[in-house]
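Note that the coordinates shown come from a computational prediction; the quantities given were computed from them, not determined experimentally. The figures that follow rest on heavy atoms only: side chains count, while hydrogens, waters and symmetry mates do not.
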Amino acid sequence: NSKKKADMSLNGKDKSVVKSFWDKIAPKAGELGGEALGRMLVVYPQTKTYFSHWADLSPDSAQVKKHGAIIMGAVGDAVGKIDDLAGCLSSLSELHAFKLRVDPANFRILAHNIILVMAMYFPAEFTPEVHVSVDKFLQNIALALSERYR
Amino acid sequence: MVKWTDKERSTVASVWEKIDIDEIGPQALARILIVYPWTERYFGTFGDIFTATAVLNNDKVAAHGKVVMKALDKAVKNIDNIRGTYADLSRLHYETLRVDPDTFKLLADCITITVACKLKSALSPQVQATWQKFLSAVVDAMSSQYE
């Protein structure tokens, strides 16, 4: 019963707020993702330890921008499957748990930067009410991503 | 003691110049009450702060937001000794107000998001890094008298 898992805390209002905000930002989602990842690497340098295989970790780096867009694509998929985040993110959870072995504390750090970039690009739309639902949504994604860890 | 380069000092000053205390303060305090509603516990005398609409229209929230920003102004102007500047304030929040120090981190994040809404692309990654370093020093100083 998926209702017993993390997404219990997302109520109907949160889901509709997230979906409607996502509709507004979808055309810019890739760019937002690149910005968020670029910022995270600058502002939280400890996160660079997961990307030592890339030559250029600056916000302008093509690899950083591309990877940020991929991450945001996955967030967009999750918006579409918001009623079953655990199912939607199951294989990504395995990837992060067993192959990438990213400390789940970093999900909160990336979420902060995603939220910040949303506020920068869409200040009028990113009201406190949208902020709280998006924050809960990203927290639920983090929980779903952590499912497979131990 | 937190060390600041000249560039960091001027970055913090330039962010601070761009914001209006009377505008940002109320917005940041409203955001923490809406996004992290358990913080309502500290504002029992403020009346209705239990819905987003109520928070956004509450005069006491707005007034208190300005008080908080004025205090942050002291930190900007005493950046080399934020700890000393905030010792009494820290003691007040611990002994009298009994505020969980994790709350300071949440408010710092809400201030940053509010500033991001205002500054937009002027908040470059480097500026964000310096601004967050400044707010971390403020959070540390606010937690310093808790024991």
Okay, B:Leu33 and chain A: the region with an atom under 4.5 Å from a heavy atom over there is neither
Tell me, yes or no, whether the heavy-atom count around A:Lys28 atom NZ, taken from other residues, nucleotides or ligands under 6.0 Å, exceeds 12. no
Of the listed B:Ser121, B:Ser124, B:Pro37, the one with the largest count of heavy-atom pairs under 4.5 Å with chain A is B:Ser124
Honestly, the part of A:Thr127 sitting under 4.5 Å from a heavy atom of chain B is backbone
Rounding to 0.5 Å, atoms CZ (A:Arg39) and CD (B:Gln132) come to a distance of 9.5 Å
Looking only at heavy atoms, the pair that brings A:Ala119 and B:Ile113 closest together is CB-CG2, 3.8 Å
*Say whether B:Val67 and B:Tyr42 are linked into one hydrophobic cluster, either directly or through other cluster members, by side-chain heavy-atom distances under 4.5 angstrom.*
no
Looking only at heavy atoms, the pair that brings A:Pro128 and B:Ile34 closest together is CB-CD1, 3.5 Å
(message) Is there a path of hydrophobic side-chain contacts, each under 4.5 Å between heavy atoms of I/L/V/M/F/W/Y residues, joining A:Ile70 to A:Leu41?
(response) no
If you tally heavy-atom pairs under 4.5 Å between each of A:Ile115, A:Val132, A:Val134, A:Val117 and chain B, the highest tally belongs to A:Val132
A:Met120 and B:Leu123 have their tightest heavy-atom pair at SD-O, 4.1 Å
| message | Is it the case that over 12 heavy atoms from other parts of the model lie below 6.0 angstrom from the CZ atom of B:Arg91? | response | yes
field: Over 12 foreign heavy atoms within 6.0 Å of NZ, B:Lys118
entry: no
Above 12 or not: heavy atoms from other molecules or residues under 6.0 Å from CG of B:Asp6?
no
- Task: Say whether A:Ile71 and A:Tyr50 are linked into one hydrophobic cluster, either directly or through other cluster members, by side-chain heavy-atom distances under 4.5 angstrom.
- Result: yes
Nearest heavy-atom contact between B:Arg31 and A:Phe126 is NH2-O, 2.8 Å
Under 4.5 Å to a heavy atom of chain B? For A:Tyr44 that would be side chain
For A:Val42 and B:Pro125 the tightest heavy-atom approach is CG1-O, 3.9 Å
_Test of understanding: clusters of I, L, V, M, F, W, Y form through side-chain heavy atoms closer than 4.5 Å, transitively. Do A:Leu143 and A:Phe98 belong to the same one?_
no
Per-residue tally against chain A (heavy atom, under 4.5 Å) across B:Cys117, B:Ala129, B:Ala30, B:Cys110 peaks at B:Cys117
Heavy atoms of B:Ala52 and A:Glu129 approach each other most closely as CB-CG, 3.5 Å
